[in-house]
Amino acid sequence: MKCTKLIHVVASGMPFDPEDLQKSMQLLKTWGFEFSPNKQPTKDLLSGNHPICASPRETRWASLRDALTSREESIIWAVRGGYGSLHLIPFLQKLKKPRAKKLFIGFSDNTTLHQHLNQKWHWPSWHGPHLDRLYKLTPSLLVKTRQLLEGRLQEQVFKNIKPFNIAAEKVITLRSKIVGGNLITLQSSLATTNQLTLKNRILFIEDIGERGYRIDRVLEHFTQAQIFRGVQAVILGPFVGGAEPDGRDLSQKVLKEFSQRQNFPVFSVVPSGHIAKSQILPFETDVAIKKIKSSFELTVSTGLNV
């Protein structure tokens, strides 16, 4: 899709601070971006008339629907994650694929929306910062985010990713597309019509606050449910905040043990997810993993054209 300066704001998940949203919107305006008049203004997006989420599911769906069905190619940017995007899938599945592509940006719980847009409509999307935290990014990340949004960078490059098993060490060049996101959120799609499908795809996974045994349980569930059938590779993102009661963090040991049992390549670590210096990782765009001397490099197209 073409680069665009038009942004739709959606609140698919939990409550947010309106001041944080306004600070990020103001920053984007200084970059030349415009915001579509929302039929559900901020006060409705944050109505509080729901025990968990920013607003009732019908309100959250209305703002997403209006953004998706607008006539122009544009950006749809989630204010926050947390929990709530799962409520919107039954509505989304009834919607006919719009003619004008949209670039969805968000992560964490918004993995659910990435799945539908990537798998059902084959639209590109970005595993990237939520609007309530955009303005808090480091100056260098803000510069790069702007360059990506404006199409001045049309590829995101991650150098020195590490092979996590023998199959990864044997890779010379691997070309595919990446899908995925938050591990626990991906699990919630199993046995639904939005279930994760990985044929001819690379899976990216990351998470926060999950102890080692819980990460292992989900990966074992995926294995027994044959979710990895057809996967080209798995790329591990950050797994943080999952310390045991005694202070140990078993996540890397669990991920290493999982990786060594697989006959598909597993690589680590692409810094996109629940970390301060998280970088944008495009989904459902052209990807190449290449061995360069003794290291590996991941190059991902943004999906935007100038």
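Below, each value reflects all heavy atoms present in this structure, side chains not excepted, and no hydrogens, waters or symmetry copies.
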Does any pair with a residue in [range] pass side chain to side chain donor-acceptor pair (under 3.5 Å), and if so which ones, sequence neighbours excluded?
{"range": "residues 88-104", "answer": "Q93-T193"}
{"range": "residues 151-163", "answer": "K144-Q156, E150-R152"}
{"range": "residues 108-118", "answer": "S12-N110, S85-D109, S85-T112, S108-H274, N110-H130, H114-S125, Q115-S189, N118-S125"}
{"range": "residues 256-271", "answer": "E257-R261"}

I'd like to check the ring pair (Phe, Tyr, Trp, His ring centres under 6.0 Å) partners of [X]; sequence neighbours left out, ordered by chain and number.
{"X": "F258", "answer": "F228"}
{"X": "Y135", "answer": "none"}
{"X": "H50", "answer": "H87"}
{"X": "F35", "answer": "none"}

- Query: Given V218 and I205, is the side-chain contact (heavy atoms from CB on, under 4.5 Å) satisfied, shown in steps?
  - Reply: CA-CA 11 Å; V218 177; I205 51 175; over 6 Å; no
So [Y] and [X], do their side chains get closer than 4.5 Å, heavy atoms only?
{"X": "L183", "Y": "F222", "answer": "yes"}
{"X": "T145", "Y": "W126", "answer": "no"}
{"X": "D286", "Y": "K177", "answer": "yes"}

Out of curiosity, does [Y] fall in the hydrophobic cluster containing [X] (side-chain heavy atoms, cut-off under 4.5 Å, transitive links)?
{"X": "W61", "Y": "L113", "answer": "yes"}
{"X": "L281", "Y": "L203", "answer": "no"}
{"X": "L250", "Y": "I208", "answer": "no"}
{"X": "V143", "Y": "L27", "answer": "no"}
{"X": "F33", "Y": "L141", "answer": "yes"}

Say whether, by atom type as modelled, one donor and one acceptor occur between the side chain of [X] and the main chain of [Y] under 3.5 angstrom.
{"X": "N165", "Y": "F264", "answer": "yes"}
{"X": "Q26", "Y": "Q22", "answer": "no"}
{"X": "E73", "Y": "L103", "answer": "no"}
{"X": "R60", "Y": "S55", "answer": "yes"}
{"X": "K120", "Y": "N194", "answer": "no"}

Of the non-hydrogen atoms in [X] and [Y], which two are nearest, and what is the gap between them?
{"X": "L142", "Y": "L137", "value": "CD1-O, 3.6 Å"}
{"X": "S278", "Y": "S272", "value": "OG-CA, 3.4 Å"}
{"X": "Q232", "Y": "P265", "value": "O-CD, 3.3 Å"}
{"X": "F107", "Y": "G128", "value": "CD2-O, 3.3 Å"}
{"X": "A78", "Y": "F104", "value": "CB-CZ, 4.1 Å"}
{"X": "E284", "Y": "V179", "value": "OE1-CG1, 3.6 Å"}

Donor-acceptor contacts under 3.5 Å from residues 288-306 side chains, at least two apart:
| residue | atom | partner | partner atom | Å |
| --- | --- | --- | --- | --- |
| S295 | OG | I292 | O | 3.3 |
| S301 | OG | G303 | N | 3.3 |
| T302 | OG1 | L304 | N | 3.2 |

- Before giving the answer on side-chain contact (heavy atoms from CB on, under 4.5 Å), spell out for I275 and E206 the whole-Å C-alpha distance, their side-chain angles and the decisive distance to 0.1 Å. CA-CA 10 Å; I275 54 174; E206 60 83 38; over 6 Å; no
- Message: Tell me whether I166 at atom CD1 has more than 12 heavy atoms from other residues, nucleotides or ligands lying less than 6.0 Å away.
- Response: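 No.
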- Message: Taking NZ in K5 as the centre, count heavy atoms belonging to other residues, nucleotides or ligands within less than 6.0 Å. Is the count above 12?
- Response: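 Counting other residues, nucleotides and ligands, NZ of K5 exceeds 12 neighbours.
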- Task: Walk me through it: do V254 and F239 pass the test side-chain contact (heavy atoms from CB on, under 4.5 Å)?
- Result: CA-CA 11 Å; V254 165; F239 282 78; over 6 Å; no
- Which residue pairs pass the ring-ring contact (aromatic ring centres under 6.0 Å, His included) test with at least one member in residues 189-215, sequence neighbours excluded?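 Qualifying pairs, neighbours excluded: H127-F204.
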- All side-chain hydrogen bond (donor to acceptor under 3.5 Å, both in side chains) counterparts of Q224, not counting sequence neighbours: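 Scan of Q224 (side-chain hydrogen bond (donor to acceptor under 3.5 Å, both in side chains), adjacent residues dropped) gives E220.
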- Message: Restricting to side-chain hydrogen bond (donor to acceptor under 3.5 Å, both in side chains), what partner residues turn up for T173, sequence neighbours left out?
- Response: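 Here no residue qualifies.
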- Item | Evaluation steps, side-chain contact (heavy atoms from CB on, under 4.5 Å), between L236 and V266 | CA-CA 7 Å; L236 304 174; V266 182; 4.0 Å; yes
